Amino acid sequence: MMSPRPISEVRGSSNFRQTPLQIIHIAGNFLRIWSVYSMYRYLTQTGASVILFIFSCLVPSSILFLLLQKPWKGRSLSNTQVVPSVINGAITALYFILWGKGLKSCGPLSAILAEYSGAVLGVLSAVLYGRRGHLWKKVGGLIAMLASFYFLSQGWALATLSPFSFKDSLDSEVQTEQVLGMSKMMVPILAGILSALRRVIARRVSLKNQLKRRLHAITIASATSFLFPVAMWDLIIGSSDSNMELPFSAWAFLSTVLFGIILVFYVDSIAEEKLHMVFSSPRHLMAAAGCIIVMEIAYKMDFSLAGFLICSSILGIGIYEATTLERGRKDSLQKPEISNGMLDDELEMPSLPT
């Protein structure tokens with residue numbers, strides 16, 4: 001009779017098998033963040049409309065999603081699945097508008113970090129589901145997240161404004177003009193909460209991974225439809241204000257479509273299904289922070305490494321506390337089981353996933 005392999009050996013084998021998926025996840029997020037910086041440079045240098053650019057990217061993205069997933073084939077979808085997906089498309093359209101506006105006004109670094117504000121839904125779940133024992137931890141995490149966003153709005157991640165920078169400080173009047181303030185920072189923060197909400201709706205509606213991809217195609221097509229009248233109105237208003245033709249950037253357009261909308265969906269799906277890593281998690285933030293550092297240096301942005309590390313660390317601690325499960329209950333239920341020679345890792349997801 002063969003003796004079972006030690007748990008440490010099985011765990012090491014499981015981690016080794018996950019290494020290629022982790023590399024794919026980091027590479028996919030790097031390409032997505034690269035597309036964000038390309039989009040930001042195009043919008044700031046040309047003054048193009050955020051809504052028109054996003055709509056022009058959503059049109060081919062929705063077509064590609066429909067061709068790849070073919071939601072009209074296979075088992076027919078019920079109204080209880082299609083209707084929430086269409087409503088989710090309206091939320092997605094509003095998310096893209098707010099996120100694009102926040103990107104243009106606050107910069108790529110703040111816009112990307114603000115997407116993790118969706119972790120506040122973890123605090124909401126504690127209030128709704130009555131987990132009072134860990135409510136204060138979640139409130140403390142929420143305070144840490146707000147502190148991180150406040151420091152970002154005060155320019156801590158900028159070399160010219162950061163208190164940790166060795167560069168010559170600007171005049172007080174110039175500093176006041178460059179500081180974003182929480183009023184501007186609230187735009188990408190609201191976009192991050194909407195992004196988390198649309199992920200929650202998608203998980204609640206789709207129970208299977210294949211069904212989730214089919215419904216996502218419907219959601220993106222619905223978002224494109226909801227954004228169409230807004231884009232047309234913006235086009236009419238913009239054409240009446242100026243007749244200047246704007247240059248077109250093929251790289252900004254293609255990278256946003258391929259990496260920023262399509263690829264990132266499949267990469268995040270792999271992270272959830274195989275790596276048990278949701279978007280609003282410290283592990284996901286850690287990977288994004290490394291990519292941000294590389295892009296800030298490559299694009300020669302006004303960047304303070306020390307200030308950014310402090311803001312992202314505070315944000316990571318806040319996310320961890322805001323989305324953590326009840327550890328005592330989790331530990332009592334966690335029993336290692338060996339199945340097919342592999343240790344089944346427990347799915348680490350918040351009670352209300354974000």
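Small disclaimer: the values here were computed from a predicted structure and weren't measured.
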Answer yes or no: is there a donor N or O on one side and an acceptor on the other, between the side chain of [X] and the main chain of [Y], under 3.5 Å?
{"X": "S110", "Y": "G107", "result": "no"}
{"X": "D302", "Y": "A159", "result": "yes"}
{"X": "R214", "Y": "W72", "result": "no"}
{"X": "N88", "Y": "P84", "result": "no"}
{"X": "S281", "Y": "M277", "result": "no"}
{"X": "S38", "Y": "A252", "result": "no"}
{"X": "S148", "Y": "C311", "result": "yes"}
{"X": "D234", "Y": "S49", "result": "no"}
{"X": "Q81", "Y": "S78", "result": "yes"}

Does [X] [atom1] have over 12 foreign heavy atoms under 6.0 Å away?
{"X": "F253", "atom1": "CZ", "value": "yes"}
{"X": "W251", "atom1": "CH2", "value": "yes"}
{"X": "W156", "atom1": "CH2", "value": "yes"}

Search all heavy atoms of A90 against all heavy atoms of S222 and return the closest pair with its distance.
N-OG, 4.2 Å
Closest approach of Y95 to A191 (non-hydrogen atoms, all atoms of both residues)
CD1-O, 3.1 Å
Is the NZ or CZ atom of R199 both under 6.0 Å from the centre of the six-membered ring of F279 and within 45° of that ring's axis?
yes
Starting at CG of L211, measure out to CG of L215 and round the result to the nearest 0.5 Å.
4.5 Å
Once you round to the nearest 0.5 Å, how far does NZ of K212 lie from OG1 of T219?
11.0 Å
Once salt bridge (Lys or Arg N to Asp or Glu O under 4.0 Å) is applied, what residue pairs with a partner in residues 88-114 remain, sequence neighbours excluded?
none
May I ask you to check whether [X] and [Y] show a side-chain donor-acceptor distance below 3.5 Å?
{"X": "S304", "Y": "S162", "result": "yes"}
{"X": "Y116", "Y": "S195", "result": "no"}
{"X": "Y40", "Y": "Q45", "result": "no"}

Pair M295, F30 - check side chain to side chain contact (heavy atoms under 4.5 Å, CB included), show working.
CA-CA 9 Å; M295 297 312 301; F30 177 79; 3.6 Å; yes
Applying side chain to side chain contact (heavy atoms under 4.5 Å, CB included), name anything that partners A144, two or more places apart in sequence or on another chain.
I314
Would you call E273 and R203 a salt bridge, taking side-chain N to carboxylate O under 4.0 Å as the test?
no
Using 30° and 60° as the class limits, which term best fits the ring planes of F55 and F228: parallel, tilted or perpendicular?
tilted
